[in-house]
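Everything below concerns the one structure shown next.
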Number of protein chains: 2
Amino acid sequence: MSMDAVFKALSDPSRRQLLDRLHDHNGQTLNDLCSGLEMTRQAVTKHLAILEAANLVATRKQGREKLHFINPVPINDIAERWIGKFERGRLKALAELKRNLEREEP
Amino acid sequence: MSMDAVFKALSDPSRRQLLDRLHDHNGQTLNDLCSGLEMTRQAVTKHLAILEAANLVATRKQGREKLHFINPVPINDIAERWIGKFERGRLKALAELKRNLEREEP
DNA sequence: TTGACATGCAACCAAATGGTTGCCTATAAA
DNA sequence: TTTATAGGCAACCATTTGGTTGCATGTCAA
């Protein structure tokens with residue numbers, strides 16, 4: 001699974017909003033997810049396709065409806081593999097940052 | 001600080017690469033950061049400006065050089081505020097996801 | 001079976017994005 | 001005081017992106 005697709009998918013506020021909605025109430029249909037949004041259904045469809053391609057959302061067809069479920073694994077992977085790297089030694093880096101910036105400044 | 005700017009800044013592979021480089025060796029000049037990249041200096045300048053606007057990178061001028069330092073705080077904030085939300089109950093959500101997807105499938 | 005509802009597909013559009021080239025400014029060094 | 005080096009600014013360009021409208025397909029219910 002490409003980490004780039006996940007980052008790209010998360011970079012749009014509308015898509016993060018959709019993830020938030022699924023986090024609040026998992027297993028919604030497309031129309032459920034559209035309700036109250038300032039977007040056409042087709043726009044939401046596109047966003048969901050991007051989230052699905054990034055493996056952040058999984059779907060299941062049930063009759064004429066399509067149910068959407070959030071998949072926490074890729075988000076967790078980013079937290080573990082990528083953010084974790086910057087976390088380690090965070091306080092040290094922050095202290096170093098302040099020290100470096102303050103050299104030769106008022 | 002806008003969380004959206006941070007997500008947007010992190011969505012580009014070149015910018016994540018620059019952060020990686022600063023993580024490896026902090027306090028580099030613009031030319032340091034350009035060396036060996038398949039990009040013009042001006043492209044790197046633009047990326048660094050975006051990272052700086054998102055508060056992911058801080059700079060200090062030293063003579064005719066400009067030193068760049070990574071700031072771990074916004075990344076940490078995202079981990080805490082946003083990813084943390086999806087982390088909580090991750091295993092439960094994953095089990096639920098599998099259960100939902102497997103209903104009525106081979 | 002026919003109408004209503006849920007979703008899919010494709011063409012199109014404006015704006016944002018990532019990149020380039022060319023030139024200008026400022027500082028260090030010869 | 002030249003000259004080379006580090007960086008800044010601006011115009012321009014192609015592609016991607018987020019969105020729309022219009023129409024097609026599939027499924028449930030009367």
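Residue numbers start from 1 in every chain, and the chains themselves are labelled A, B, ... in the order their sequence lines are given, proteins ahead of strands.
Regarding contacts with the backbone of C:dC5, every side-chain N or O of A:N31 stays at 4.0 angstrom or more from both OP1 and OP2. Residue B:K46 has no polar side-chain atom (N or O) positioned under 4.0 Å from OP1 or OP2 of D:dG8. Dashed line: the shortest gap from a side-chain N or O of A:S14 to OP1 or OP2 of D:dG19 is under 4.0 Å. At C:dG8, none of the side-chain N or O atoms of A:R41 fall inside 4.0 Å of OP1 or OP2 (strictly under the cut-off). Remark: A:T40 is not in phosphate contact with D:dG18, judged by side-chain N or O atoms under 4.0 Å from OP1 or OP2. For B:H47, no side-chain nitrogen or oxygen approaches OP1 or OP2 of C:dT17 to under 4.0 Å.
Put simply, the side chain of A:N55 does not reach to within 4.5 Å of the side chain of A:V6, judged on heavy atoms. Taking the side chain as every heavy atom from C-beta outward, A:T45 and A:L48 never approach each other to under 4.5 Å. Within the 4.5 Å cutoff, side-chain heavy atoms of A:Q62 are placed close to those of A:L67.
Judged by distance alone, with hydrogens and angles left aside, B:Q42 brings no side-chain donor or acceptor close enough to the base of C:dG18 to form a pair under 3.5 Å.
B:E38 has its CD atom 18 Å from the P atom of C:dG18, to the nearest Å. Between the CG atom of B:L37 and the P atom of C:dG19 there is a distance of 10 Å, given to the nearest Å. A:R15 has its CZ atom 9 Å from the C1' atom of D:dT17, to the nearest Å. When the P atom of D:dG18 is taken as reference, atom CZ of B:F7 falls 15 Å away, rounded to whole Å. Rounding to whole angstrom units, CD of residue A:E65 and P of D:dA29 are separated by 10 Å. Distance CG (A:L10) to P (D:dG18): 12 Å, rounded to an integer number of Å. Look at CD on A:Q17: it is 14 Å from C1' on D:dG18, rounded to the nearest Å. One can place CG of A:L48 at 14 Å from C1' of D:dG18, the figure rounded to the nearest angstrom.
Put simply, the side chain of B:N71 never gets that close to the backbone of B:A58: no donor and acceptor are under 3.5 Å apart. The main-chain N or O of A:L10 is never found under 3.5 Å from a side-chain atom of A:R15 such that the two would form a donor-acceptor pair. When atom types are taken as modelled, the side chain of A:H68 and the backbone of A:T59 share no donor-acceptor pair closer than 3.5 angstrom. Put simply, the side chain of B:N100 gets close to the backbone of B:E96: a donor and an acceptor are under 3.5 Å apart. For B:H47 (side chain) and B:S14 (main-chain N/O), no donor-acceptor pair under 3.5 Å exists by modelled atom type.
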Which atom pairs link the protein and nucleotides 26-30 of chain C when you take only N or O atoms and keep those under 3.5 Å?
{"from": "C:dT27", "atom 1": "O2", "to": "B:R64", "atom 2": "NH1", "distance (Å)": "3.2"}

Discussion item. Let me check I have this right: for DNA chain C, each base becomes ., (, ), [, ] or |, based on Watson-Crick or G-U pairs with both distances under 3.5 Å. What is the full string?
Written reply: ||||||||||||||||||||||||||||||
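Taking the charged nitrogens against the carboxylate oxygens, B:R21 and B:D32 have no contact shorter than 4.0 Å, which rules out a salt bridge.
Residues satisfying the ring pair (Phe, Tyr, Trp, His ring centres under 6.0 Å) criterion with A:F69, sequence neighbours excluded, are absent altogether.
Checking C:dT7, D:dG19, D:dG7 against every side-chain atom of B:T29, the shortest atom distance belongs to D:dG7. The side chain of A:K66 lies closest to C:dT7 when the candidates are D:dG7, C:dT7, D:dT17.
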